[in-house]
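One structure is given here, and the rest of the page talks about it.
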Amino acid sequence: AQKVTQAQTEISVVEKEDVTLDCVYETRDTTYYLFWYKQPPSGELVFLIRRNSFDEQNEISGRYSWNFQKSTSSFNFTITASQVVDSAVYFCALRPLSWGKFQFGAGTQVVVTP
Amino acid sequence: DGGITQSPKYLFRKEGQNVTLSCEQNLNHDAMYWYRQDPGQGLRLIYYSQIVNDFQKGDIAEGYSVSREKKESFPLTVTSAQKNPTAFYLCASSIGPGLAANEQFFGPGTRLTVL
């Protein structure tokens, strides 16, 4: 069975604070891909990053960074020095190689106040 | 510009009516997907299609139907059998069924309200 858990329903921070979003996944596949998406108030999901199961290097892109730890089945996302424009719902997703489908987590609402 | 278009943006339906939501992509993607999102909840897969003239049920297919006659089009019909259709509907596409690495691209969504 494939499963993605985002335990944090909502996180509220003040601008310039760092925020970390947790993502824990379950799959029996040895080859799989993990994704993060951002859903701003407009509704359209925006792709942020993809990581495959063989690449455990952490990645940084501007104020965003991702920590992939296969040993704990986690793929956490950190926004450094948050801004109001970061307010959105963030989804973690899993796609095993053997599957045609994506499994999404329930999402985490991030609220950044000035 | 390449992308996914969904129409209409807002749709109102009377109880007992069938409605069809449009999804068109010009990305030359093989795979297309329909998701339903309820307030404060994640995405639930309704149907997906990995190739033209083929589609599979997702997790919540009851009360919905789809067709995939053309590569670029994947319309979703919400039938009267769907008891609680008020939701936000998102269409997505990705390059191909054998390329699991490729991300999904999403359309802007259609907000359906049953009156």
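Throughout, a chain's letter reflects where its sequence line sits, starting with A, and its residues are numbered from 1. All values below were derived from every heavy atom in this structure, side-chain atoms included, with hydrogens, water molecules and symmetry-related copies excluded.
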* Tell me, yes or no, whether the heavy-atom count around A/I60 atom CD1, taken from other residues, nucleotides or ligands under 6.0 Å, exceeds 12. => no

* Name the one of B/W34, B/F88, B/F106, B/Y33 that satisfies side-chain contact (heavy atoms from CB on, under 4.5 Å) with B/L43? -> B/F106

* To do: For the residue pair B/Y35 and B/Q104, confirm or rule out a side-chain donor-acceptor distance under 3.5 Å.
  => yes

* **Option that, when pairs with chain A are counted at under 4.5 Å, heavy atom only, ranks first among B/A92, B/G58, B/G107, B/G109** => B/G107

* Could you tell me whether the side chain of B/R68 and the main chain of B/A31 form a donor-acceptor pair under 3.5 Å? => no

* **Positions in residues 105-114 of chain A that reach chain B, provided some heavy atom is under 4.5 Å away** => A/G105, A/A106

* Validation row: B/M32, B/V66 side chains within 4.5 angstrom (heavy atoms) -> no

* Could A/K70 and A/F54 be counted as a cation-pi pair, given that NZ or CZ must be under 6.0 Å from the ring centre and within 45° of the axis? -> yes

* Asked: Which members of residues 70-78 of chain B, sorted by number, sit under 4.5 angstrom from chain A on a heavy-atom basis?
  -> none

* To do: For A/T78 and A/T20, test the side chains for any donor-to-acceptor distance below 3.5 angstrom and give the result as yes or no.
  => yes

* To do: Please work out whether the ring planes of A/W66 and A/F77 are parallel, tilted or perpendicular, with thresholds of 30° and 60°.
  => parallel

* **Intermediate values then yes/no, ring-ring contact (aromatic ring centres under 6.0 Å, His included), A/F102 and A/F35** => CA-CA 9 Å; A/F102 288 69; A/F35 304 82; 5.2 Å; yes

* Asked: Once the angle between the rings of A/F68 and A/F75 is folded into 0 to 90°, is it parallel (under 30°), tilted (30 to 60°) or perpendicular (over 60°)?
  -> perpendicular

* **Proximity breakdown for A/Y32 and chain B, heavy-atom pairs closer than 4.5 Å** => neither

